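For reference, positions follow the sequence shown, starting with 1. These numbers were taken from a predicted model, which means no experiment stands behind them.
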Amino acid sequence: MYKGRSISAVIAAGGIGSRMGGSIPKQYMKINGISAVRRCADVFAGMGVFDRIIAACSAEFMDVCRNELRGIEVTYAEGGRSRQETILKALSHVDTDIVLVHDAARPFVTERVIKDVIEGAISYGGCICGVRPKDTIRNDEMTFDRSTLTSVQTPQGFDAGMLKKAYIMASEAGFEGTDDAGVFEFAGGSVHITEGDYANIKITTREDMPVETRIGTGYDVHRLVEGRPCILGGAVIPYERGLMGHSDADVLVHAVMDALLGAASLGDIGKLFPDTDERYRGASSIVLLAEVGRKIHDEGFEIGNIDAVVIAQKPKISPYTDEMRHNISRALGISEGKVSVKGTTTEKLGFEGRGEGIACQAVCILNT
């Protein structure tokens with residue numbers, strides 16, 4: 001209990017984030033390795049004042065949401081066709097005096113902002129947080145006084161019984177509010193405003209995501225043997241021997257994949273494509289690279305560039321580097337200008353110099 005009142009929090013994570021792009025909604029994209037919805041839930045759960053935390057998410061991504069919030073005691077509510085319908089469904093799980101509703105797309109909310117909204121909801125029955133707009137706001141006819149305006153944020157807090165009635169009334173009347181306060185006011189309620197935080201931004205497009213740069217390195221070695229094709233960067237190199245491995249043993253692509261996976265903290269190719277799995281016997285590494293590219297994209301990263309060096313005394317690879325760059329860039333859906341492949345020898349030193357095998361080193365940059 002908080003000041004003698006029981007409190008619930010609804011984390012609205014039902015959106016599909018079409019403006020964001022990507023194959024997963026924005027609330028599940030990673031920010032410094034942690035999803036937006038997890039960041040929100042960690043703050044709310046860490047305060048220790050909520051009797052119940054409810055995550056409202058779409059049926060399609062329910063398992064994803066459960067995985068992101070594992071370890072936190074959460075009640076799950078299936079979302080609806082709109083945010084308003086999603087919140088209405090989530091409110092059926094609320095059995096407390098006060099309820100706060102927060103958008104999972106605002107992952108930088110702070111305890112101070114939440115606490116102020118709780119106290120405002122207890123004192124006034126309805127409370128929102130917000131900040132004064134920094135830009136000049138006008139319509140076609142006039143400029144508005146910024147000191148009288150508020151850019152509204154979440155969480156928004158209410159007497160739970162009053163908010164439930166408001167949502168039912170709005171649903172029956174066919175009214176669609178832009179936020180919870182709008183629904184609450186439609187039903188006759190009024191809201192108090194507390195100070196929000198300029199850092200409490202709503203992530204809507206990729207431009208809203210914090211910029212993060214990651215560097216990854218990869219290294220791989222394969223033995224040269226007779227009776228195998230020599231495949232590097234997806235190109236078949238004419239040579240009397242080829243690389244030995246469970247898949248096509250494309251040492252260049254393997255190093256690139258490890259660099260990408262390492263930068264994104266997703267493990268390595270041994271974890272993703274184990275050589276104990278018969279599905280990958282003889283597999284095309286270029287095909288596997290495309291799968292790695294999709295995983296990188298789903299984590300919210302974009303590839304800045306890739307630089308790889310093939311270390312071999314023989315065969316000579318310079319005639320084929322353009323083809324390799326083309327294959328790698330096409331698999332990853334990036335421009336060839338972001339991919340560099342070059343070769344070097346070891347002046348006949350080491351296993352590469354003796355022609356026993358080929359090594360490759362790769363480095364990449366990922367950006368959010």
Side-chain angles (χ1 to χ4, degrees), residues 7 9-15 17-21 25-27 29 31-32 36-37 39-40 43-44 47 82-84 86-87 98-159 162-163 166-167 169-170 173 175-212 300 368:
I7 311 172
V10 173
I11 299 177
S18 58
R19 285 175 287 180
M20 192 73 173
K26 57 194 173 187
Q27 58 267 31
M29 289 185 174
I31 304 169
N32 291 333
V37 68
R39 285 177 175 274
C40 294
V43 177
F44 280 85
M47 293 180 68
S82 65
R83 183 187 186 279
Q84 191 159 313
T86 294
I87 300 304
I98 300 294
V99 59
L100 267 64
V101 181
H102 183 68
D103 291 329
R106 293 187 185 270
F108 305 115
V109 65
T110 64
E111 291 189 9
R112 192 273 300 169
V113 170
I114 296 171
K115 180 175 178 291
D116 288 350
V117 171
I118 292 174
E119 294 184 351
I122 291 173
S123 299
Y124 300 97
C127 183
I128 63 175
C129 60
V131 293
R132 296 297 181 201
K134 294 181 178 181
D135 296 327
T136 297
I137 308 295
R138 63 167 294 126
N139 60 18
D140 292 338
E141 299 177 353
M142 62 178 291
T143 298
F144 295 94
D145 180 358
R146 284 180 294 181
S147 67
T148 66
L149 302 176
T150 299
S151 292
V152 177
Q153 302 176 339
T154 65
Q156 300 182 3
F158 307 90
D159 175 281
M162 293 173 64
L163 187 65
Y167 263 93
M169 184 182 299
F175 172 79
E176 287 285 336
T178 57
D179 65 357
D180 310 289
V183 174
F184 193 68
E185 290 171 327
F186 169 78
S190 61
V191 295
H192 175 70
I193 302 176
T194 61
E195 184 179 356
D197 191 327
Y198 285 105
N200 185 23
I201 64 170
K202 184 178 182 181
I203 294 174
T204 304
T205 65
R206 285 192 176 272
E207 289 73 23
D208 299 322
M209 293 286 283
V211 176
E212 180 188 6
T368 57

Does Arg106 reach the main-chain N or O of Ala36 with its side chain, forming a donor-acceptor pair under 3.5 Å? no
Residue Glu212 excluded, over 12 heavy atoms near CD under 6.0 Å: yes
Can you tell if the side chain of Gln156 reaches within under 4.5 Å of the side chain of Val117, non-hydrogen atoms only? no
Contact check, side chains of Val183 and Ile87, non-hydrogen atoms, under 4.5 Å: no
Val109 to Pro155 - nearest heavy-atom pair and separation: CG2-CD, 3.8 Å
Quick check: does any side chain N or O of Gln27 sit under 3.5 Å from a backbone N or O of Ala104, one acting as donor and the other as acceptor? no
Distance-only side-chain donor-acceptor flag, Thr150 / Arg132, under 3.5 Å: yes
Between the main-chain N or O of Thr154 and the side-chain N or O of Asn200, is there a donor-acceptor pair closer than 3.5 Å? yes
Spell out, as yes or no, whether a donor-acceptor pair under 3.5 Å connects the side chain of Arg83 to the backbone of Asp103. no
Under 3.5 Å, is there a donor-acceptor pair between the side chain of Gln84 and the main chain of Phe175? yes
So, Gln153 side chain and Asp197 main chain: donor-acceptor pair closer than 3.5 Å or not? yes
Provide the closest heavy-atom pair for Asp145 versus Ser147 in the form atom of the first, atom of the second, distance. OD1-OG, 2.7 Å
Phe108/Val43 under side chain to side chain contact (heavy atoms under 4.5 Å, CB included): CA gap, chis, key distance, verdict: CA-CA 9 Å; Phe108 305 115; Val43 177; over 6 Å; no
Check whether any side-chain heavy atom of Ser123 sits under 4.5 Å from a side-chain heavy atom of His192, and report yes or no. no
